[in-house]
Amino acid sequence: MSTLRTRMITSSLLTFFDKHKKVIISTSVLFIIGIVIGIVYAYRAVDGSFERVVRSEVETGAAKVFFISLLSIMGGYIVILISGINNKTVFLICIPFILLGFFLGKFSCALICRFEGFGVLNFIVIYLPFFLITFVLMMIATANVLSAGCTDYCENSSLRPSFIRTLKIFGINAGCSLVLFLIIGSMTGVIIVTLF
C-alpha cells in the first residue's frame, strides 16, 4: 500500500516538474541570486566584522517575527498574482524570489556570524525551514498563476482559479509560519535578526 502511494507521489512530482520545468529553473536561479546578494550585503554592511552577541543579550520575539513574516509573504503572493495578469507584468515574478533569497542570505549570515551557537540553532530550526517552505510554495503558486489553465475564469465565479489556488497556498504558508515562529519559536526563542 505504501509503495503504491510512494509511486503515485513520485509520478505526480515528475509530472509537475516536466510541466513547469522553466518556472522551477527560473525561480530557483532567482532565489540563488538573491541569497548571494543577501550574503554579500550582510558582509559589506559590517565590513566583515560582526559584533558578537551573547545569548542573554539576544532580542527575541516570536509574535513580532511571525507578523512581519506574514505581511512579507502576503506581499510576495500579491506580486505573484499581479505578474500573471498578462505578458507585460510577468517580469514582476522576479521580485518575490530575489527578495526571498536576499533575506535568507542576509539572515543566515547575521545569525551564524553574529549570534553564533544560538543563531545557528535559530537558523536550522526556524529560519531555514521557513524560507525553504516559502520558496517551494511560492514556486508552486507561480507555476499555477503562469499556467495556461489558470487564465480561464471559473464557470460560477468571478474569481480566477489562480487566485483561489494562490489563496490556498498562502494559507498553507501562513500555517507553516505560525508553527515555526509562534509554536516552535516560542519554545526555542526566535531571534529578531539585526546586523548591527
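Under the 4.5 Å side-chain criterion, counting only non-hydrogen atoms from C-beta, Leu128 is not in contact with Ser108. Under the 4.5 Å side-chain criterion, counting only non-hydrogen atoms from C-beta, Ile82 is in contact with Ile78.
Of all heavy-atom pairs between Gly185 and Val190, the closest is CA-CG2, 3.2 Å. Closest approach of Thr166 and Ser162 over heavy atoms only: OG1-O, 2.6 Å. Of all heavy-atom pairs between Thr89 and Gly84, the closest is OG1-N, 4.4 Å. The two atoms that bring Ser83 and Ile93 nearest to each other are OG-CD1, 3.0 Å, heavy atoms only. Closest heavy-atom contact between Gly76 and Met138: CA-CE, 3.8 Å. Looking at every heavy atom in both residues, Asn122 comes nearest to Leu111 through CB-CD2, 4.1 Å.
Under a hydrophobic-cluster definition in which Ile, Leu, Val, Met, Phe, Trp and Tyr are linked whenever side-chain heavy atoms come within less than 4.5 Å, directly or via other members, Ile140 and Met74 are assigned to the same cluster. Put simply, Leu14 and Met8 are part of two different groups of oily side chains (I, L, V, M, F, W, Y) that touch within less than 4.5 Å, one to the next. Cluster membership check: Leu137 does not share its hydrophobic cluster with Ile32, using side-chain heavy-atom separations under 4.5 Å among Ile, Leu, Val, Met, Phe, Trp and Tyr. One hydrophobic cluster, built from ILVMFWY side chains closer than 4.5 Å, cannot hold both Leu100 and Leu71; they sit in different ones. Leu99 and Val36 sit in two unconnected hydrophobic clusters of ILVMFWY residues. Membership requires side-chain heavy atoms under 4.5 Å apart, directly or through other members.
The side chain to side chain contact (heavy atoms under 4.5 Å, CB included) search around Ser28 returns Ile24, Phe135, not counting sequence neighbours.
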Q: Just do the side-chain hydrogen bond (donor to acceptor under 3.5 Å, both in side chains) check on Thr134 and Asn173 with the steps written out, would you?
A: CA-CA 6 Å; Thr134 301; Asn173 207 162; 3.1 Å; yes
**Q.** Verdict with supporting geometry, Phe31 and Leu104, side chain to side chain contact (heavy atoms under 4.5 Å, CB included)
**A.** CA-CA 9 Å; Phe31 185 62; Leu104 174 59; 3.6 Å; yes
Q: Output, in order, the C-alpha distance, side-chain angles, deciding distance and verdict of side chain to side chain contact (heavy atoms under 4.5 Å, CB included) for Val136 and Leu132.
A: CA-CA 6 Å; Val136 169; Leu132 292 180; 5.7 Å; no
Q. Please walk me through it: do Arg114 and Glu51 pass side chain to side chain contact (heavy atoms under 4.5 Å, CB included)?
A. CA-CA 6 Å; Arg114 184 164 187 206; Glu51 177 191 338; 3.9 Å; yes
Q: Just do the side chain to side chain contact (heavy atoms under 4.5 Å, CB included) check on Ile35 and Phe102 with the steps written out, would you?
A: CA-CA 5 Å; Ile35 291 171; Phe102 172 80; over 6 Å; no
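Between the side chain of Tyr127 and the main chain of Ile191, a donor-acceptor pair closer than 3.5 Å is present. With hydrogens and angles ignored, the 3.5 Å screen pairs no side-chain donor or acceptor of Thr60 with any backbone N or O of Gly189.
If you run ring pair (Phe, Tyr, Trp, His ring centres under 6.0 Å) between Phe181 and each of Phe66, Phe67, Phe130, only Phe130 comes through. For the side-chain contact (heavy atoms from CB on, under 4.5 Å) with Ile80, the lone residue among Thr142, Leu92, Ile95 that qualifies is Thr142.
Rounding to the nearest 0.5 angstrom, the gap separating the CD1 atom in Ile192 from the NZ atom in Lys64 is 4.5 Å. How far OG of Ser26 is from CG of Leu146: 9.5 Å, rounded to the nearest 0.5 Å. Ile73 contributes atom CD1, which lies 9.0 Å from atom SG of Cys176 (distance to the nearest 0.5 angstrom). Rounding to the nearest 0.5 Å places OG of Ser69 at 8.5 Å from CG of Leu182. Put simply, CZ on Phe103 and CD1 on Ile68 are 10.5 Å apart, with the number rounded to the nearest 0.5 Å. In this structure, the separation between CD1 on Ile39 and SG on Cys109 is 6.5 Å, given to the nearest 0.5 Å.
The local environment of CZ in Arg52 is crowded, with over 12 non-hydrogen atoms from other residues, nucleotides or ligands closer than 6.0 Å.
Ring centroids of Tyr77 and Phe170 are separated by less than 6.0 Å, placing the two rings close together.
Aromatic ring pairs are classed by plane angle as parallel below 30°, tilted from 30° to 60° and perpendicular above 60°; the pair Phe131 and Phe107 is perpendicular.
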